[in-house]
Q: 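Have a look at the structure that comes next, please.
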Number of protein chains: 2
Amino acid sequence: MTDQLDTVFAALADPTRRTILSMLLEDDMAVTDVAEPFEMSLAGISKHLAILAGAGLITQEKRGRVKWCKLEPDAMRAASIWMQGFGQFEPVNLDAFERFLEAELRGAPTAPSETARQGD
Amino acid sequence: MTDQLDTVFAALADPTRRTILSMLLEDDMAVTDVAEPFEMSLAGISKHLAILAGAGLITQEKRGRVKWCKLEPDAMRAASIWMQGFGQFEPVNLDAFERFLEAELRGAPTAPSETARQGD
DNA sequence: AGTATATTCAACCATCCGGTTGACGATTGA
DNA sequence: TCAATCGTCAACCGGATGGTTGAATATACT
């Protein structure tokens, strides 16, 4: 019964999952490769991917023993239209978007780049 | 530490809260009036409003003993831009938005219209 | 003053969520 | 065949979430 908007927004509410989505913007990735930059167990990432898949934001195709993850941006369409209806924000400001991505990928606590590698 | 995107998306993930936001599109409302159509305790609605306020999606101003809730659509801007970056969805399709709103307000399980419909 | 209205607080409950570890099935390859 | 790799499953944990009820606070009305 949970609306599509429910699952999409809920999936996007987690910074790890948003980071994964932005990683997948560049290319399809195997689960292990998605997990590699994170300081989290593979099973944890696997769960996040399942949530993203459940929301339709990615699809996963198994070839051999490797499961490939592919971004499905169309799943955001409904949610995006819903939001735009409120603010009528300027359409598709790619500059702003890239700034966001950079900030998330670099500075975010879940970001894969230069986190304090504690307990490793 | 939780990102603004975290709180905004999390706030939007709940259908009751989305319905409240669309109600506030038409006008500012008192807490009691917001709660009236819902099959939920006033305290429950009050909590939802607090979450919306925490995400910046609404502001609440107390005049007398009435607390007025006002939509703050700008709080969606960052999240909206983030999403648009993925799909580059057609800009501001108001028709689609109104269809969404109608569907949510009428058919959704949390929709305020037909209060008797609960025990399915 | 006394009562009604508007809203929140506090405690409580069940469930979900994000994460872990360890075992497991499946596939690859030496 | 045996071992390594890929990924999920199951059980568990602590903390957040969504909801309730009942008391408390603040304002308004008569």
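Lettering of chains follows the sequences in order, A, B, ..., and the numbering in each one begins at 1. Values reported hereafter were calculated over all heavy atoms of this structure, with side chains retained and with hydrogens, waters and symmetry mates removed.
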Q: For the pair made of CD in A:E39 and P in C:dG19, what is the distance, rounded to whole Å?
A: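 After rounding, the gap between these two atoms is 12 Å.
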
Q: From CH2 of B:W68 over to P of D:dT27, roughly how many Å is that when rounded to an integer?
A: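 Rounded to the whole Å, the gap is 17 Å.
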
Q: So A:A30, base contact, sugar-phosphate only, or nothing? Heavy-atom distance under 4.0 Å.
A: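 Sugar-phosphate contact only.
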
Q: In this structure, how many angstroms lie between the C1' atom of C:dC16 and the NE2 atom of A:H48, rounded?
A: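 The distance from NE2 of A:H48 to C1' of C:dC16 comes to 14 Å, rounded to the nearest Å.
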
Q: Which of the following nucleotides, D:dA26, C:dC9, D:dT8, is nearest to the side chain of A:K67?
A: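 Given the options D:dA26, C:dC9, D:dT8, the side chain of A:K67 is closest to D:dT8.
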
Q: Report the residue from A:I20, A:L12, A:L71, A:D74 that forms a side chain to side chain contact (heavy atoms under 4.5 Å, CB included) with A:L57.
A: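 Filter result, single survivor: A:L12.
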
Q: Rounded to the Å, how far apart are A:I45 CD1 and D:dT8 P?
A: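 Spelled out: CD1 on A:I45 to P on D:dT8 is 11 Å.
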
Q: With a 4.0 Å cut-off on heavy atoms, is B:I51 in touch with a base, just the backbone sugar-phosphate, or nothing at all?
A: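 It contacts sugar-phosphate atoms only.
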
Q: So what does B:K47 hit on the nucleic acid, given a heavy-atom distance under 4.0 Å: a base, only sugar-phosphate, or nothing?
A: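 Base contact - B:K47 has a heavy atom under 4.0 Å of at least one base atom.
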
Q: May I have the distance from A:L42 (atom CG) to D:dT8 (atom P), rounded to whole angstrom?
A: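 That distance rounds to 7 Å.
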
Q: Between D:dC6, C:dT20, C:dT8, spot the one nearest the side chain of A:T32, thanks.
A: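 Among D:dC6, C:dT20, C:dT8, the one nearest the side chain of A:T32 is D:dC6.
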
Q: Is there a donor-acceptor pair under 3.5 Å between the side chain of A:R17 and the backbone N or O of A:A10?
A: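 A pair under 3.5 Å: yes.
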
Q: What contact category does A:R17 fall into here, base, sugar-phosphate, or nothing, at under 4.0 angstrom with non-hydrogen atoms?
A: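 Sugar-phosphate contact only - A:R17 comes under 4.0 Å of backbone atoms but never of a base.
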
Q: Measure from CG on B:L49 to P on D:dG19 and round the result to the nearest Å.
A: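 Rounded to the whole Å, the gap is 12 Å.
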
Q: Just to be sure I understand the rule, does B:G64 reach a base, reach only the sugar-phosphate, or reach nothing, if contact means heavy atoms closer than 4.0 Å?
A: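 Counting heavy atoms under 4.0 Å across all strands, the contact made by B:G64 is with sugar-phosphate only.
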
Q: Between C:dT7 atom P and B:E61 atom CD, what is the distance in whole Å?
A: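 It works out to 13 Å between those atoms.
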
Q: Using the closest heavy atom to pick a nucleotide of DNA chain D for each, name whichever of B:R65 or A:Q60 lands nearer the 5' end.
A: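 Checking each residue's closest nucleotide, the 5'-ward one belongs to A:Q60.
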
Q: Please answer: with hydrophobic residues joined when any side-chain heavy atoms are less than 4.5 Å apart, are B:F38 and B:W68 in the same cluster?
A: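 No: no chain of side-chain contacts under 4.5 Å links B:F38 to B:W68.
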
Q: Ignoring backbone atoms, establish whether B:S41 has a side-chain N or O less than 4.0 Å from OP1 or OP2 of D:dT20.
A: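 Indeed, a polar side-chain atom of B:S41 lies that close.
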
Q: Relative to the 5' end of DNA chain C, which residue comes earlier, B:V66 or A:R63, by the nucleotide with the nearest heavy atom?
A: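 Result: B:V66.
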
Q: Between A:V31 and B:A10, name the one whose nearest nucleotide on DNA chain D is closer to the 5' end.
A: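 The residue whose closest nucleotide sits nearer the 5' end is A:V31.
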
Q: Between A:S46 and A:L42, is there a donor-acceptor pair closer than 3.5 Å when you use the side chain of the first and the backbone of the second?
A: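 Between the backbone of A:L42 and the side chain of A:S46 there is no qualifying donor-acceptor contact (under 3.5 Å).
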
Q: What is the distance, to the nearest angstrom, from the CE atom on B:M29 to the P atom on C:dA6?
A: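 From B:M29 CE to C:dA6 P: 13 Å.
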
Q: Does B:L21 form a side chain to side chain contact (heavy atoms under 4.5 Å, CB included) with B:L52? I'd like the steps, not just the answer.
A: CA-CA 9 Å; B:L21 290 178; B:L52 289 172; 4.0 Å; yes

